[in-house]
Amino acid sequence: MASETAEVVAGRDFIRDIIDADIAARRTTEVVTRFPPEPNGYLHIGHAKAIWINFGVAQEYGGRCHLRFDDTNPTKEEQEYIDAIKRDIHWLGFDWGRHLYYASDYFDQLYDWAEHLIRSGKAYVDDLPADEMRVMRGSLTEPGCNSPYRDRTVAENLDLFHRMRDGEFPNGARVLRARIDMAAGNMNLRDPVLYRILHAAHPRTGTKWCIYPTYDFAHGQSDAIEGVTHSLCSLEFEDHRPLYDWLIDNLPVPSRPRQYEFARLNLGYTVLSKRVLTQLVRHGHVTGWDDPRMPTLAGLRRRGVPAAAIQDFVRRAGIARANSVVDIAMLDHSIRDVLNKTAPRRMAVLRPLKLRIDNYPSGSGEELVAVNNPEDATAGTRRIRFGRELYIERDDFMEAPPKKFYRLAPGREVRLRYAYFVTCREVVKNAVGEVVELICTYDPATRGGNAADGRKVQATLHWVGAADAISAEIRLYNLLFDRAEPDTGSDLIAELNAMSLVTLTESRVEPALGAATLGEPVQFERQGYFCLDPLSGPNRLIFNRTVGLRDSWTKARATDDQGVEKI
RNA sequence: UGGGGCGUAGCCAAGUGGUAAGGCAGCGGAUUUUGAUUCCGCGAUACGGAGGUUCGAAUCCUCCCGCCCCAGCCA
């Protein structure tokens, strides 16, 4: 059965179990979910998990997923974020179709329902200032006490609430509170605030309102209005569920949504907190929300991470209720897995070292054939030009190699990929003793890379022709933070990895890379996966390293390996 | 002696009384014109701890320990 295969791919988790049970018990006939971002920042990979769950589950059950902006606080929300969020969700591969909503679409209905609560004696206008309200709310271990305004008459409450709406009072003067239980163990039930006065223009409703519903009063009711069946959110809202249910129970809402919580995603060596990410952007620690070092979807996209890899990653990480920190290596794995199959191969020398082949005829050289992608036969081949003067990677030569180093060294023969075997005959140094050029000889009988006599070499090096290679800037990105679990509470700067961006300006890449296009991944052989950066221009190639290839050589000789990737 | 959650290998995570899936990482080995990819093999006498129930417990009960969330007129 095909559907079985699909389920295995999607994975099983407690949320799907709940939905299965609901359908089996006929508690619901359709599955409607929603992804409810607040437009006050960019989406990050943690949101990708929530998006994947909400849209994915709806898709699997033939239901639908709404995109609903939770825009109940005009002092923090902006249109720029709304646009960015839509763009990122589409890029990730999901579509809400015609189901685009805003909590602000329901402000009129919400207002009516607030009056409904007042009329039924379940809400009241409180004049307590914020600080007094806090004191009277009690503490985690002590019950709160009732506000002196708790027993106002319905008429008085209605009058005051109308006047709040009509702008008679300044910010903070009064709030509408639910009348529940000031002694409840759950703080959310100690007469939570439902409406507050905010004289601020709203991106969508303009100046129509000067009172706005709180998250608690807006969320569940919006779910009910839209017919959401399963309202999936993260663990910190668990304590809000009794309030969510209380409101649904006490209001004439058109449907009965249920809230379920799952643990949010945490990634090692990074931070998935809008507060901190916003800080990084505002303080200039990164170049913007789309800085390739950012865990935002915009940053990952610019870095070259395919949407498919992000989906694969969140699927592998799984959904559960236990807080956890996922190893960044798992993300890297998903990225490589996708890119290995799709990225065409090219040769690029990041840190060039000149190599001259003494016995190779001078002139324009010759054309050789290179495979575009050994993982994909349909990717075809391309021609590359070999010549007397080339560049190889500095790291591929050592004058005094340790035993396990089997690349080029004095007197040693290696293969130049798709070309010939070359042997290092002489090392040229400058005045300060740095190696500046290697003089080699080649074996004409090894054209294409195989020796007629069957002899082997231990290494194959990538190279570019000195005559036709083009210059490029290459940006190597490393972990943004030094520690697996950064302390973002105090000194953020102290936690940042000083080597998070290493820019190489002397790189030389094969001519075919001059035609690289935005959004197309490429593998620089033996180096990693790269992509063109949007800042590239006609005469300026800039490549971002998405992720390096797995590398058991540098790994073997790493001594300070704290999990921090070295350049 | 507030309320709500969570604890299964280095990191995720299945498992819902019948004798510990899978993935990532790691370590061996094979193949290899990318030290890549691919392929093969290796890890929990044990599920935070201690008791108990049971023929049998990661799964049920009791107590204990640890971690997370909640005292915004943020979401």
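In what follows, chains carry the letters A, B, and so on, assigned in the order in which the sequence lines appear, proteins first and then strands, with residues in each chain numbered from 1.
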- [ ] Taking the six-membered ring for Trp and the single ring otherwise, decide whether the centroids of A/F217 and A/Y195 are under 6.0 Å apart.
- [x] yes
Task: Separation of the C1' atoms in B/U31 and B/C39, to the nearest angstrom - done: 8 Å
Open item on the list: To the closest 0.5 Å, what do you measure between CG (A/N266) and OG (A/S324)?
Closed with: 6.5 Å
Open item on the list: With a 6.0 Å cut-off on the ring centroids, do A/Y215 and A/F237 count as close?
Closed with: yes
Task: Spacing between A/I335 atom CD1 and B/U37 atom P, to the nearest angstrom - done: 14 Å
Open item on the list: Is B/G72 syn or anti, taking syn as a glycosidic angle within 90° of 0?
Closed with: syn
TODO: Test A/N73 against A/T75 for side-chain hydrogen bond (donor to acceptor under 3.5 Å, both in side chains), laying out the working first.
DONE: CA-CA 5 Å; A/N73 188 345; A/T75 65; 2.5 Å; yes
- [ ] Report which part of the nucleic acid A/F405 touches: base, sugar-phosphate, or nothing (heavy-atom distance under 4.0 Å, all strands).
- [x] base
- [ ] Treat primed atoms plus P, OP1 and OP2 as sugar-phosphate and everything else as base, then score nucleotides 22-31 of chain B 5' to 3': B for base contact with protein heavy atoms under 4.0 Å, S for sugar-phosphate contact only, - for none.
- [x] -BSSS-----
- [ ] Identify whether any heavy atom of A/V325 sits under 4.0 Å from a base atom; if not, whether one sits that close to sugar-phosphate; answer base, sugar-phosphate or nothing.
- [x] sugar-phosphate
Task: Rounded interatomic separation in angstrom, taking CZ from A/R407 and P from B/U34 - done: 13 Å
Task: B/C47 and B/U32, which share atom name C1', separated by this distance in whole Å - done: 41 Å
Open item on the list: Looking at A/A200, is its backbone amide N or carbonyl O close enough to the side chain of A/Y212 to form a donor-acceptor pair, meaning the two atoms are under 3.5 Å apart?
Closed with: yes
Task: Separation of the C1' atoms in B/U45 and B/A20, to the nearest angstrom - done: 11 Å
TODO: Measure from OH on A/Y406 to P on B/U32 and round the result to the nearest Å.
DONE: 13 Å
- [ ] With pairs defined as Watson-Crick or G-U wobble and both distances under 3.5 angstrom, please note down RNA chain B as a dot-bracket string, | for pairing with another strand.
- [x] .(((((((.[[[..)..(...]]].(((((.......))))).....[[[[[..)....]]]]])))))).....
Open item on the list: Please encode protein proximity along nucleotides 70-75 of chain B as a string of B, S and -, counting only heavy-atom distances under 4.0 Å.
Closed with: BBSBSB
- [ ] Report yes or no: is there a donor-acceptor pair, N or O only, under 3.5 Å between the side chain of A/Q527 and the base of B/U34?
- [x] no
- [ ] Let me know which of A/W463, A/F530, A/Y529 forms a ring pair (Phe, Tyr, Trp, His ring centres under 6.0 Å) with A/F524.
- [x] A/F530
Task: Point-to-point distance, once rounded to the nearest 0.5 Å, from CG of A/L476 to CD of A/Q527 - done: 8.5 Å
Open item on the list: From CG of A/N450 over to C1' of B/U32, roughly how many Å is that when rounded to an integer?
Closed with: 12 Å
Task: C1' atoms of B/G10 and B/G43, separation to the nearest Å - done: 11 Å
TODO: Say whether A/R412 and A/T423, considering side chains only, have a donor N or O and an acceptor N or O under 3.5 Å apart.
DONE: no
TODO: Give the rounded distance in Å between these two atoms: CZ of A/F262 and P of B/C12.
DONE: 17 Å
Task: Touch class at under 4.0 angstrom, heavy-atom based, for A/E238 against every strand present - done: sugar-phosphate
Task: Distance, rounded to the nearest Å, where A/W463 contributes CH2 and B/U34 contributes P - done: 16 Å
Open item on the list: Quick check on RNA chain B: between A/D17 and A/D396, whose nearest nucleotide comes earlier from the 5' end?
Closed with: A/D17
- [ ] With heavy atoms under 4.0 Å as the rule, sort A/S324 into base, sugar-phosphate or nothing.
- [x] sugar-phosphate
Task: Working for side-chain hydrogen bond (donor to acceptor under 3.5 Å, both in side chains), residues A/H66 and A/E226 - done: CA-CA 8 Å; A/H66 299 178; A/E226 295 176 14; 2.7 Å; yes
- [ ] Identify the residue among A/E77, A/E78, A/E38 that makes a side-chain contact (heavy atoms from CB on, under 4.5 Å) with A/D71.
- [x] A/E77
Open item on the list: Looking at A/K122 and A/D191, is there a salt bridge between them, counting it only when a charged N and a carboxylate O are closer than 4.0 Å?
Closed with: no
Task: 5' precedence on RNA chain B between A/E375 and A/A419 (nearest-nucleotide basis) - done: A/A419
- [ ] Answer yes or no: are there more than 12 heavy-atom neighbours, outside A/R383 itself, under 6.0 Å from its atom CZ?
- [x] no
Task: Rounded distance in Å between the P positions of B/G15 and B/G28 - done: 34 Å
- [ ] Please state the C1' separation for the pair B/G17 and B/G52 - nearest whole angstrom.
- [x] 15 Å
Open item on the list: Looking at B/G4, I'd like to know if its phosphate oxygens (OP1 or OP2) sit under 4.0 Å from a side-chain N or O belonging to A/R241.
Closed with: no
Open item on the list: Can you measure A/Y269 atom OH to B/C11 atom P for me and round it to whole angstrom units?
Closed with: 12 Å
- [ ] Run the salt-bridge test on A/D551 and A/R526 with the 4.0 Å N-O cut-off and return the result as yes or no.
- [x] no
Task: Pairwise C1' distance, B/U59 and B/A14 [rounded to whole Å] - done: 13 Å
Open item on the list: Side chain of A/R321, heavy atoms from C-beta onward: which of B/C12, B/U34, B/G5 has the nearest atom to it?
Closed with: B/G5
TODO: Determine the Euclidean distance between corresponding P atoms of B/A57 and B/G48; express it in Å to zero decimal places.
DONE: 15 Å
- [ ] For this output row, return yes or no: ring centroids of A/F161 and A/Y111 closer than 6.0 angstrom.
- [x] yes
TODO: Take atom CZ of A/F530 and atom P of B/A36, then tell me their distance rounded to the nearest Å.
DONE: 17 Å
Task: Sugar-phosphate only, base, or nothing, as touched by A/P374 at under 4.0 Å among non-hydrogen atoms - done: base
